[in-house]
Amino acid sequence: MKIATWNVNSLKVRLPQVLKWLEENPVDVLCLQETKLTDDKFPVAEIAAAGYMVEFSGQKTYNGVAILSRHPMSDIVKNNPLFPDEQQRIIAATIEGVRYVCAYIPNGQSLESEKYPYKLSWLSALHAWLQQELAQHPRLALLGDYNIAPEDRDVHDPAAWQGQVLVSEPEREAFRKLQAMGLTDSFRLFEQPEKIYSWWDYRQMGFRLNRGLRIDHILLTQELKERCTACVVDKVPRKWEQPSDHAPVIATLAD
DNA sequence: ATGGCGGTTTTAAACCGA
């Protein structure tokens with residue numbers, strides 16, 4: 001079983017790349033963020049033709065999430081029932097006995113922005129809802145764009161980023177709170193090369209200079225952690241023409 | 001300090017992302 005997450009920064013623009021990537025990486029489950037599509041514009045037929053079922057929750061211009069799966073999905077939940085939110089940032093589904101939560105955690109913009117307390121409240125509500133979900137689903141995977149680099153080794157230049165949004169202590173504390181509820185960062189289960197990131201700024205040759213952050217994650221409960229045999233960032237599509245600024249993250253689960 | 005880039009919309013300039 002292979003599962004993946006990818007912030008595509010507009011599925012309208014990136015659909016050909018998603019289909020190409022799935023041909024080369026026929027994962028069982030793919031969580032997408034920033035589809036930026038209303039549900040009536042979602043490319044269901046193209047994704048079905050690629051062999052995937054799909055559930056989605058979108059809106060105009062911003063946000064939007066989807067789960068693509070080779071296996072049937074049930075118990076779909078859109079957004080956090082404990083957190084009324086006009087922004088479409090969560091979709092959850094049960095697939096083959098595993099609960100998948102696909103999340104596009106708010107960016108926060110800056111510590112001074114009103115979007116920053118929104119991000120922290122959003123994370124707090126996510127934690128509360130996940131406690132309920134975990135009580136029902138011992139096998140749970142939380143995949144998505146967390147917009148949090150958990151540690152300094154997930155940041156290309158920790159000194160330059162110190163205290164900024166995406167690395168600030170309250171955000172990292174929220175990440176650790178997710179870990180404390182039994183969710184493990186699958187990437188850190190394994191020995192990894194240094195300077196592995198999942199997002200690079202489009203500007204100033206960010207990707208070529210590897211000025212990145214690791215902000216896309218796959219967190220797993222104990223039972224899934226024990227089945228996890230690999231977790232990698234796939235930089236290949238970041239090198240394609242007109243790429244998303246994020247790269248996919250893939251975890252492998254033994255049967 | 002600002003703007004870089006790329007996507008979006010109200011198809012031009014403004015917004016948002018990270």
**Q** Are the charged groups of A:R99 and A:E133 less than 4.0 angstrom apart, N to O?
**A**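 Looking at A:R99 and A:E133, the cut-off is met.
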**Q** Just the table, please: protein N/O against nucleotides 12-16 of chain B N/O, every pair under 3.5 Å.
**A**
{"residue": "B:dC16", "atom": "OP2", "partner": "A:K115", "partner atom": "NZ", "Å": "3.3"}

**Q** Can you tell me if A:Q33 touches the phosphate of B:dG17, counting only side-chain N or O atoms and a distance under 4.0 Å to OP1 or OP2?
**A**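 No, outside the criterion.
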**Q** Measure from the side chain of A:R14, starting at C-beta and using heavy atoms only, and say which of B:dT9, B:dA18, B:dG7 lies closest.
**A**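 Out of B:dT9, B:dA18, B:dG7, the nucleotide with an atom closest to A:R14's side chain is B:dG7.
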**Q** Counting only side-chain nitrogens and oxygens, does A:N9 get under 4.0 Å of the OP1 or OP2 atom of B:dG7?
**A**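 So the side-chain polar atoms of A:N9 never come under 4.0 Å of the phosphate oxygens OP1 or OP2 of B:dG7.
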**Q** What does A:R211 touch in the nucleic acid at a heavy-atom separation under 4.0 angstrom: a base, only the sugar-phosphate, or nothing?
**A**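 No contact.
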**Q** Does the distance from a Lys or Arg side-chain N to an Asp or Glu carboxylate O, for A:E169 and A:R176, drop under 4.0 Å?
**A**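 Yes.
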**Q** Return no unless some side-chain N or O of A:S10 is found under 4.0 Å from OP1 or OP2 of B:dT8.
**A**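 The answer is yes; a side-chain N or O of A:S10 sits under 4.0 Å from OP1 or OP2.
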**Q** Specify the glycosidic conformation (syn or anti) of B:dT11, with syn defined as within 90° of 0.
**A**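 Base orientation relative to the sugar is syn.
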**Q** Checking all strands, does A:N7 fall into the base, sugar-phosphate, or nothing category for heavy-atom contacts under 4.0 angstrom?
**A**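 Contact class for A:N7: sugar-phosphate only.
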**Q** Using the ring of A:Y104 (Phe, Tyr or Trp, six-membered ring only), decide whether A:R89 places NZ or CZ under 6.0 Å from its centre and within 45 degrees of its axis.
**A**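 Output yes; distance and angle both within limits.
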**Q** Hey, does A:Y104 reach any base, or is it just sugar-phosphate, or nothing, if we go heavy atoms under 4.0 Å?
**A**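 It contacts sugar-phosphate atoms only.
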**Q** Would you say A:Y100 and A:L142 make side-chain contact, with heavy atoms under 4.5 Å?
**A**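 The answer is no, as the side chains (C-beta and beyond) never meet within the 4.5 Å cut-off.
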**Q** Should A:K78 and A:I90 count as side-chain neighbours, where that means a heavy-atom distance under 4.5 Å?
**A**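 No, every pair of side-chain atoms sits at 4.5 Å or beyond.
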**Q** Salt-bridged, A:D154 to A:R188, with N to O below 4.0 Å?
**A**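 Result for this pair is yes, salt bridge flagged.
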**Q** Atom pairs under 3.5 Å, N or O on each side, protein against nucleotides 1-5 of chain B: can you list them with distances?
**A**
{"residue": "B:dG3", "atom": "N2", "partner": "A:Q204", "partner atom": "NE2", "Å": "3.2"}
{"residue": "B:dG4", "atom": "N1", "partner": "A:R203", "partner atom": "NH1", "Å": "2.9"}
{"residue": "B:dG4", "atom": "N3", "partner": "A:R203", "partner atom": "NH1", "Å": "3.4"}

**Q** Quick one, which residues of residues 141-169 of chain A touch DNA chain B with a heavy atom under 4.0 Å?
**A**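 A:D145, A:N147, A:L166 - these, ordered by number, are the residues of the stretch whose heavy atoms sit under 4.0 Å from the strand.
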**Q** Side chain of A:E34 only, heavy atoms from C-beta on: which candidate in B:dG7, B:dG17, B:dT10 is closest?
**A**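 Closest of the options to the side chain of A:E34: B:dG17.
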**Q** For A:I215 and A:Q242, take the nucleotide of DNA chain B holding the closest heavy atom to each; which residue's nucleotide lies nearer the 5' end?
**A**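 Comparing both residues, the 5'-ward one is A:Q242.
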**Q** In terms of ring plane angle, is the pair A:H217 and A:Y146 parallel, tilted or perpendicular, where the classes change at 30° and 60°?
**A**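 A:H217 and A:Y146: perpendicular rings.
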**Q** Looking at A:R172 and A:D152, does any basic side-chain N land under 4.0 Å from a carboxylate oxygen?
**A**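 Yes, charged N to carboxylate O under 4.0 Å.
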**Q** So, are A:K20 and A:E23 salt-bridged, with charged N and O less than 4.0 Å apart?
**A**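 A:E23 and A:K20: not salt-bridged.
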**Q** Between A:W21 and A:W6 (judged by ring centroids, cut-off 6.0 Å), do the two rings come close enough to count as a pair?
**A**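 Yes, the ring of A:W21 comes within the 6.0 Å limit of the ring of A:W6, centre to centre.
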**Q** Taking the side chain as C-beta and beyond, is there a heavy-atom pair between A:Q59 and A:T38 under 4.5 Å?
**A**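 Not in contact.
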